[in-house]
*Asks:* 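Here it is: the structure, laid out below.
Proteins come first, then strands; the chains are lettered A, B, ... in the order of their sequence lines, and each starts at number 1.
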2 protein chains.
Amino acid sequence: MYKRVLIVDDHDAILHSITKVLHSYKISQIDSVQYCDDAFLKYKRALLDGNAYDLIITDLCFKKDYRNTHLASGEDLIEAIRATDKGISIIVYSMNDQLQKVRYLVKSCAVNGFVCKDRRGSLELTSALMDTSKGVTYLSPQIVDAMSRKEDLEILDYDITLLKLLSQGKSQEEISHHFKTRAIKPSSLSSIEKRLNRLRIQFKAENAIHLVSQAKDLGLI
Amino acid sequence: MYKRVLIVDDHDAILHSITKVLHSYKISQIDSVQYCDDAFLKYKRALLDGNAYDLIITDLCFKKDYRNTHLASGEDLIEAIRATDKGISIIVYSMNDQLQKVRYLVKSCAVNGFVCKDRRGSLELTSALMDTSKGVTYLSPQIVDAMSRKEDLEILDYDITLLKLLSQGKSQEEISHHFKTRAIKPSSLSSIEKRLNRLRIQFKAENAIHLVSQAKDLGLI
DNA sequence: TTTTGCTTTACGGGAAGCCGTAATGATCAT
DNA sequence: ATGATCATTACGGCTTCCCGTAAAGCAAAA
C-alpha cells in the first residue's frame, strides 16, 4: 500500500471524502491541495526533500477563479508530472467520463487508475487503491464497458483534427489548405468530403452540423 | 431558519458535506437522496404526512446508471416541484454555471438560491441558507458578475430552440416546417435565415457549424 | 512487369446554405 | 385614415456542401 499520497481537487468536500477513505489504510502522509499549480509545487518539493509521494489522486476539471494558473487542468498536471516521472502512481478521480480523454490518459499518460466520480465513487476508489498499489491498472466498470465497444476506436487523430477544424468554422476548402500546408496526407477537398461522409455514416449524423454536435457531446473535440 | 431539509446529489461526499453545514443550525430533519426520482417521492410523501420540507438543496446534473429514471436532472425535479408548490425554498448547488441555465432557473422556476459548487462552495452555501431563509434570493458572486454583462441577455428562447434543432441535424427547411406546425411565429425559411445570420454576427461565427459549436461551448444548448 | 486492390484526387450535378433586396403585414402615433 | 417603423416573408444569385462516378497514384503479390 502507498506511503505518501497527494490529493488534488477543487472541492473541499471531495478532498475530505478521499482523505477519509485513505485513513482506513496506514498511510503515513496525506496531503491535499485545491489547485494544480500547488499540487505540482508540492510534488516537486517532496521530491527534492527526499520524501516523494508515491500516489497522486487528482480530478481533471478545475474551476477558474481570480488566480491565474499555469496548470489549468488535471491533464496539464499529469502531463507535467509524467514528463519526468514514470514511477509515481496516478489515479484520476473525475466526473468526466468522456472516452477520448480516458483513452488518452491511460494510453499516453500511463495513468494507473481512472475512477468515475459518481454514486459509487468512494467504493470504487477503494478498489482502485488496492489494484494500483499492486501494479494493476484500475478502470471504473462504466469506462470498461464503453471502451470495449470498439465502434469509435477506429476514429483517428486525423478525424479528430478534421472535426476540430470544422467546429472552428473552417470551410472544407480551408481545411484542405490547412492539411496541404502541413503536409498531412489526405488533403484534397475530395478526400475531406469522403472522410466527413464516412464519419457522418458512423455517427448516423444528418449533416455536418449534426456531426460536430455529436462529436462535442461525446467529448471527442 | 429552516426546519426540514431535503438534500439531493449524486455523490455521497457532497451529501455529507452539505449535511455537515446544515448541522450547524438547529434543523430538526435533514434527509438526503442520490436520485431525483427518490427526491420527488420523499418530497410528496412528506407533504402527505403533514411534515413537509421547507427547503430542498439539489444538484443539477446526475449521472445515469442502471436505474432508469423519470426525473433525470435537477431541472426536471425542480420543474416537477414548482408545478404545484411555489412555497418551498429551493437552493441549487451545482458545478454548472452556464448562464442560460441559471437564468431559466431563477426566472422561470423561481429558484431561491444558486450556489456554484467550487472551492468556496461550502462557505457560500452558508450565505445562501441565511439569505434564502429570510426570503432573499442568493446567487454566487461569479453568477452575478456574469449576469450583469448583458451581451447575451437578448438571446431568446426562440433562438435557443433554433440552435437546438440545428444541432440535431435539421435543415433550415425542416426547422421552418417545425415552427409552422407548432404555430411559432417567425417560421418562414427567410426569417430563419435572418435569425441565424443575426446569431452568427453576435457570436462572431463563420458559419452554422461554428455557431452551434460555440453555443454548445457556452452551454446554451 | 503486370495484376490486383486500396487510397487519394478530380470533376459535375443537384441540394442546402448564405446574402442582399424588395414586397407584404402589423402596430402605433399623428 | 395616413404615414412611419419594424417584423415577417418572398425571391434570385452565388457559394458551399453533398454525393456519385471515374481517373490517377501507390503498394504488395504474382
*Asks:* Taking atom P of D:dC11 as reference, at what distance in whole Å does atom CD of B:Glu193 sit?
*Replies:*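 Taking atom P of D:dC11 as the reference, CD of B:Glu193 is at 13 Å.
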*Asks:* Got a list of protein N/O to nucleotides 21-23 of chain D N/O distances below 3.5 Å?
*Replies:*
none

*Asks:* Nearest whole Å is fine: how far is C:dG17 P from B:Leu162 CG?
*Replies:*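 Rounded to whole Å, this separation is 12 Å.
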*Asks:* Does A:Ala39 have any side-chain contact (heavy atoms from CB on, under 4.5 Å) partners at least two apart in sequence or in another chain, and if so, which?
*Replies:* A:Leu6, A:Val8, A:Val33, A:Leu77
*Asks:* Quick one: side chain to side chain donor-acceptor pair (under 3.5 Å) partners of A:Thr132, sequence neighbours excluded?
*Replies:*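 So A:Thr132 forms a side chain to side chain donor-acceptor pair (under 3.5 Å) with A:Tyr2.
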*Asks:* Measure the distance from CG on B:Leu166 to P on C:dG17 and round it to the nearest whole Å.
*Replies:*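 Atom-to-atom, B:Leu166 to C:dG17, this comes out as 8 Å.
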*Asks:* Quick check: does any side chain N or O of A:Arg200 sit under 3.5 Å from a backbone N or O of A:Leu211, one acting as donor and the other as acceptor?
*Replies:*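 Between the backbone of A:Leu211 and the side chain of A:Arg200 there is no qualifying donor-acceptor contact (under 3.5 Å).
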*Asks:* Going by side chain to side chain donor-acceptor pair (under 3.5 Å), name the residues that satisfy it together with B:Arg45, two or more places apart in sequence or in a different chain.
*Replies:* none
*Asks:* Distance-only, no hydrogens or angles: does the B:Gln34 side chain make a donor-acceptor pair with backbone N or O of B:Asp10 under 3.5 Å?
*Replies:*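 Yes.
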*Asks:* Filter on ring pair (Phe, Tyr, Trp, His ring centres under 6.0 Å), then keep only pairs touching residues 164-193 of chain B, sequence neighbours left out; what's left?
*Replies:*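 Every ring pair (Phe, Tyr, Trp, His ring centres under 6.0 Å) pair that includes a residue of residues 164-193 of chain B, provided the two are not neighbours, is B:Tyr158-B:Phe179.
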*Asks:* Look only at the side chain of A:Asn197 and the backbone of A:Glu193, and say whether a donor-acceptor pair between them is shorter than 3.5 Å.
*Replies:* no
*Asks:* Looking only at the side chain of B:Pro186 (C-beta and beyond, no hydrogens), which of the listed nucleotides C:dA10, C:dC19, D:dT8 gets closest?
*Replies:* D:dT8
*Asks:* Could you state the CG-C1' distance from B:Leu189 to D:dG13, rounded to the nearest angstrom?
*Replies:* 15 Å
*Asks:* Nearest whole Å is fine: how far is C:dT21 P from B:Asn197 CG?
*Replies:*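 That distance rounds to 13 Å.
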*Asks:* Suppose we screen for side chain to side chain donor-acceptor pair (under 3.5 Å). Which residues come up paired with A:Asp12, at least two apart in sequence or across chains?
*Replies:* B:Ser122
*Asks:* Check whether the side chains of A:Asp85 and A:Tyr43 place a donor and an acceptor atom closer than 3.5 Å, and report yes or no.
*Replies:*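 Yes - a donor-acceptor pair under 3.5 Å links their side chains.
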*Asks:* Heavy atom of residues 205-214 of chain B under 4.0 Å from DNA chain D: which residues?
*Replies:* none
*Asks:* Round to a whole Å and report the spacing from CG of B:Leu199 to P of C:dC19.
*Replies:*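 Answer to the nearest Å: 13 Å.
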*Asks:* Does A:Arg195 make a side-chain N or O approach to OP1 or OP2 of C:dT8 shorter than 4.0 Å?
*Replies:*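 So the side-chain polar atoms of A:Arg195 do come within 4.0 Å of the phosphate oxygens OP1 or OP2 of C:dT8, strictly under.
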*Asks:* Taking B:Gly169's backbone N and O only, do any of them form a donor-acceptor pair with A:Asn207's side chain (distance below 3.5 Å, no angle check)?
*Replies:*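 Between the backbone of B:Gly169 and the side chain of A:Asn207 there is a qualifying donor-acceptor contact (under 3.5 Å).
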*Asks:* Please state whether the phosphate of D:dT8, meaning OP1 or OP2, lies under 4.0 angstrom from any side-chain nitrogen or oxygen of B:Ser187.
*Replies:* no
*Asks:* At what angle, to 10 degrees, do the two end axes of the helix from C:dT1-D:dA30 to C:dT30-D:dA1 meet, given five pairs define each axis?
*Replies:* 10°
*Asks:* Under 4.0 angstrom, heavy atoms only, what part of the nucleic acid is B:Ser191 near: base, sugar-phosphate, or nothing?
*Replies:* base
*Asks:* What's the CZ-C1' distance between A:Arg200 and C:dA16, to the nearest Å?
*Replies:*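 Going from A:Arg200 (CZ) to C:dA16 (C1'), I get 12 Å.
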*Asks:* Calculate the interatomic distance between A:Ile192 atom CD1 and C:dT7 atom C1'; express it in whole Å.
*Replies:*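 That distance rounds to 15 Å.
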*Asks:* Going by atom types only, do B:Ser190 and B:Lys194 share a side-chain donor-acceptor pair under 3.5 Å?
*Replies:* no
*Asks:* Which residues satisfy the side-chain contact (heavy atoms from CB on, under 4.5 Å) test with B:Cys109, sequence neighbours excluded?
*Replies:*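 Listed in chain order: B:Ile78, B:Glu79, B:Tyr104, B:Leu105, B:Val111.
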*Asks:* Quick check on contacts: within residues 172-185 of chain B, what sits under 4.0 Å from DNA chain D by heavy-atom distance?
*Replies:* B:Lys185
*Asks:* Please name all residues satisfying side chain to side chain donor-acceptor pair (under 3.5 Å) with B:Ser140, sequence neighbours left out, ordered by chain then number.
*Replies:*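 For B:Ser140, the residues satisfying side chain to side chain donor-acceptor pair (under 3.5 Å) (neighbours in sequence not counted) are B:Glu124.
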*Asks:* Please collect all salt bridge (Lys or Arg N to Asp or Glu O under 4.0 Å) contacts where either partner lies in residues 56-73 of chain A, sequence neighbours excluded, each pair once.
*Replies:*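 For residues 56-73 of chain A, and leaving out neighbouring residues, the salt bridge (Lys or Arg N to Asp or Glu O under 4.0 Å) pairs sorted by first residue read A:Asp38-A:Arg67, A:Asp59-A:Lys117, A:Lys63-B:Asp97, A:Asp65-B:Arg119.
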